[in-house]
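Chain identifiers are assigned alphabetically (A, B, ...) following the order of the sequence lines, protein sequences preceding nucleic acid strands; residue numbering begins at 1 within each chain.
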Number of protein chains: 2
Amino acid sequence: MQNEEIGQVRRFNRVVTQRVGALQDSYLSRGRPLGEARLIFEAGLSESVDVSSLRQRLGLDSGYLSRLLRSLEGQGVVEVRRKAADGRARQVHLTQKGRGEFETYNVLSDQLAASLLSPLQPAQRTRLVAAMAEVERLLRASTVEIAVEPADSADARWCLEQYYAELTERFEAGFDPLLGNTFHAAEMTPPAGWFVLARLDGVPIGCGALKALDADSGEIKRVWTAPEARGMGVASRLMDRLEALGREAGFKILQLDTNKALSEAHALYRKRGYREIGRYNDNPYAHHWFEKAL
Amino acid sequence: MQNEEIGQVRRFNRVVTQRVGALQDSYLSRGRPLGEARLIFEAGLSESVDVSSLRQRLGLDSGYLSRLLRSLEGQGVVEVRRKAADGRARQVHLTQKGRGEFETYNVLSDQLAASLLSPLQPAQRTRLVAAMAEVERLLRASTVEIAVEPADSADARWCLEQYYAELTERFEAGFDPLLGNTFHAAEMTPPAGWFVLARLDGVPIGCGALKALDADSGEIKRVWTAPEARGMGVASRLMDRLEALGREAGFKILQLDTNKALSEAHALYRKRGYREIGRYNDNPYAHHWFEKAL
DNA sequence: AAAAATACCTGACTAAAGTCAGGTAATGCA
DNA sequence: TGCATTACCTGACTTTAGTCAGGTATTTTT
């Protein structure tokens with residue numbers, strides 16, 4: 001990484017935290033401590049929130065949050081009720097007054113955003129918004145975490161279900177997981193194989209698997225990215241990790257198959273140095289077979 | 001301004017303050033209150049700083065800053081000495097230990113920046129850095145403030161001097177302010193005329209003037225942007241303001257002259273709807289004359 | 001030379017933010 | 001059924017941040 005890049009990131013950090021951060025705080029606290037304001041904002045995002053979820057999202061101490069909630073209850077902006085499904089847990093709702101406050105914060109946030117744009121000329125404004133979208137997307141991309149996980153965890157299963165559902169929709173002939181060269185959790189468990197999961201803010205957004213074929217070769221399967229996370233390079237990073245695992249396992253060759261409907265996947269494999277080979281398995285859904293020497 | 005733009009700015013604000021802001025704080029406070037850390041950082045930027053300048057830059061209360069300095073003195077990271085030139089004022093120096101702390105913060109800042117970039121692929125990284133540069137530049141542009149000010153203030157004179165110096169350098173024949181259709185402060189003082197100044201973070205970075213020629217027409221002069229602030233649309237905004245002042249004053253027509261060396265200025269005038277006319281004054285440095293109906 | 005202004009300091013506050021050690025009620029599990 | 005766990009609460013703190021009213025030394029102005 002060049003010094004120049006680092007320097008640019010640091011300048012960016014400085015300017016943005018000053019302009020946006022400081023403005024944001026002053027706009028949004030409006031006579032109420034920032035902690036309370038943030039709480040109203042979080043609570044307003046949905047009909048009701050569990051206290052535990054607030055605690056996690058805002059990173060607050062249990063006692064501290066409790067006190068904040070008591071204060072907001074005193075102001076009549078929230079109600080805290082015990083949860084029907086679990087009597088220990090409690091849920092936070094905004095009262096009508098709270099809804100009003102939430103809307104006010106929303107209007108202020110809009111004004112804050114507008115105050116950043118309004119001094120600019122239309123062309124500059126368009127460029128700023130586009131650059132912000134790019135920064136946002138790539139910053140989010142840079143916080144995607146990829147880790148080897150058990151293939152039978154709830155998150156792993158969720159990803160695989162999404163993946164199958166997408167294949168069913170996209171394949172001409174539909175997709176039946178039982179026919180399609182399925183592999184089971186055991187085959188994705190070291191040392192028979194590996195399952196990697198990509199998460200954004202803790203939420204699974206992609207997966208991939210590597211299965212040992214023999215001592216020298218492995219097969220890559222089930223590489224999937226959630227639609228909302230596409231264009232962030234997640235699949236590439238999953239492949240990076242899977243290939244690294246293959247290298248560690250001593251494989252000389254990685255193989256994979258794919259359906260003709262998955263054109264983005266073809267492009268990705270080609271770009272990463274996979275070359276098309278003849279059929280090496282009897283997967284009824286496969287139209288193309290690739291391999292790459294590690 | 002469209003809702004879509006506002007929404008994008010708000011998403012950007014949220015993502016950036018979360019990622020950058022939170023990381024920054026945790027990285028940079030390292031066991032020391034953030035206020036003290038910021039102080040060390042500011043003090044380290046130069047050999048020595050006046051307390052008053054720190055107070056201004058960090059926006060701190062005099063008593064509060066004083067206490068922070070005592071605390072840092074106690075930790076042995078700064079020395080506060082009276083200033084030779086003015087016995088009331090005091091100067092802050094980092095001790096050797098303080099220098100070490102400063103360097104540590106620098107390294108941490110670099111690491112923080114690197115941690116945002118490192119998960120990305122080279123192409124993404126390049127795009128992120130470019131987008132950050134764009135956002136930084138345009139956000140800075142959006143905080144430029146333009147105001148009508150007295151033409152004989154220190155900042156106004158500074159701008160005009162810079163402007164003259166640049167003309168001297170760029171004009172084939174050099175430039176002598178006494179010959180060049182000079183106008184004096186009185187002519188830029190309402191209602192005879194107006195002087196507008198552009199500031200970025202309080203520092204003057206551009207100026208412009210409008211002078212009444214008669215009841216129906218005015219002349220725009222001395223539109224200048226500091227080299228480091230170019231490409232931010234400052235000149236356009238100065239022109240906007242000057243034309244608005246002209247409209248308020250009831251002028252029907254604005255005129256201006258310019259030297260052939262100032263090609264960017266020509267482009268700007270043409271883009272804003274000025275059309276070239278014949279010589280209307282005897283400015284020896286002018287090669288082109290323009291006017292625009294308001 | 002006296003008066004006014006300045007630059008900083010000290011003391012005495014307050015509010016906000018955060019921490020930690022118990023405590024209570026509800027739930028899950030053996 | 002009883003014991004461990006959980007989800008949250010309360011009380012008793014500390015730290016950080018910030019404000020404000022004087023006070024002292026120095027410089028500038030008159």
Side-chain angles (χ1 to χ4, degrees), chain A residues 17-18 21-22 24-43 48-75 77-93 154, chain B residues 17-18 21-22 24-43 48-75 77-93 154:
Chain A
T17 49
Q18 261 185 29
Q24 196 140 271
D25 292 357
S26 66
Y27 258 75
L28 297 184
S29 60
R30 52 183 306 262
R32 205 191 302 277
L34 209 78
E36 291 184 10
R38 287 205 305 154
L39 226 163
I40 291 177
F41 201 83
E42 282 294 326
S48 73
V49 214
D50 287 17
V51 171
S52 62
S53 139
L54 280 176
R55 201 162 47 225
Q56 237 203 333
R57 285 210 296 237
L58 296 171
L60 297 175
D61 171 83
S62 148
Y64 185 30
L65 175 56
S66 197
R67 234 177 303 278
L68 285 176
L69 286 172
R70 286 308 80 68
S71 161
L72 289 175
E73 268 184 330
Q75 296 166 43
V77 296
V78 305
E79 267 177 16
V80 182
R81 292 199 284 267
R82 57 164 34 201
K83 197 173 168 180
D86 182 344
R88 295 166 299 181
R90 308 188 72 190
Q91 283 185 315
V92 179
H93 305 255
Chain B
T17 49
Q18 261 185 29
Q24 194 140 271
D25 292 358
S26 66
Y27 259 74
L28 297 185
S29 62
R30 49 184 310 260
R32 205 192 302 277
L34 211 78
E36 290 185 11
R38 288 206 304 154
L39 225 162
I40 291 177
F41 200 84
E42 282 293 327
S48 73
V49 214
D50 286 17
V51 172
S52 62
S53 138
L54 281 177
R55 203 162 46 222
Q56 237 204 333
R57 286 208 295 235
L58 296 171
L60 297 175
D61 172 83
S62 149
Y64 184 30
L65 175 56
S66 197
R67 233 178 304 279
L68 285 176
L69 286 173
R70 288 305 82 67
S71 162
L72 290 176
E73 267 184 331
Q75 295 168 42
V77 296
V78 305
E79 268 178 15
V80 182
R81 294 200 284 267
R82 56 161 36 200
K83 196 173 170 181
D86 182 343
R88 295 166 300 182
R90 308 189 71 191
Q91 284 185 313
V92 179
H93 305 254

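The distance between atom CG of A:Leu39 and atom P of D:dC8, rounded to the nearest whole Å, is 13 Å. The CZ-P distance, from A:Arg81 to D:dC8, rounds to 15 Å in whole Å. Rounded to whole Å, atom P of C:dA17 lies 12 Å from atom CZ of A:Arg32. For B:Leu65 and C:dC9, the CG to P distance is 7 Å, given to the nearest whole Å. The interatomic distance linking A:Leu69 (CG) with D:dA7 (P) rounds to 16 Å, in whole Å. We find that CZ of A:Arg70 is positioned 9 Å from C1' of D:dC8, with the value rounded to whole Å. Atom CD in B:Gln56 sits roughly 14 Å away from atom P in C:dT6 (whole-Å rounding). Across the protein-nucleic acid pair, A:Leu72 atom CG and D:dC9 atom P stand 12 Å apart, rounded to whole Å.
Of the N and O atoms on the side chains of A:Arg82 and A:Gln91, not one donor lies less than 3.5 Å from an acceptor on the other residue.
The shortest side-chain heavy-atom distance between A:Arg70 and A:Val80 falls under the 4.5 Å cut-off.
Among the heavy atoms of the strands lying under 4.0 Å from B:Ser52 are primed sugar atoms or P, OP1, OP2 only; no base atom is included. Residue A:Leu34 is classed as a sugar-phosphate contact, given heavy-atom separations below 4.0 Å to backbone atoms only.
Counting only distance, with no hydrogens or angles, the side chain of B:Asp61 and the backbone of B:Tyr64 share a donor-acceptor pair below 3.5 Å.
Here C:dA17 is the nucleotide among D:dA17, C:dA17, C:dA7 with the atom lying nearest to any side-chain atom of A:Pro33.
Between D:dC8 and A:Arg55, a contact under 4.0 Å exists linking OP1 or OP2 to a side-chain N or O.
Between A:Arg81 and A:Glu79 a salt bridge is recorded (basic side-chain N to carboxylate O distance below 4.0 Å).
Of all non-hydrogen atoms in A:Ser62 and A:Arg55, the two that sit nearest each other are CA-CD, 3.5 Å.
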Query raised in the report: Passes side chain to side chain donor-acceptor pair (under 3.5 Å), A:Ser52 versus A:Gln56? Steps please.
Result: CA-CA 6 Å; A:Ser52 62; A:Gln56 237 203 333; over 6 Å; no
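Considering A:Lys83, A:Arg88, A:Arg90 in turn, A:Arg88 is the only one that fulfils the salt bridge (charged side-chain N to carboxylate O under 4.0 Å, His left out) rule with A:Asp86.
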Query raised in the report: Tell me, for nucleotides 18-30 of chain C in 5' to 3' order, what letter each nucleotide earns: B for a base near a protein heavy atom under 4.0 Å, S for only sugar-phosphate near one, - for neither?
Result: BBB----SBS---
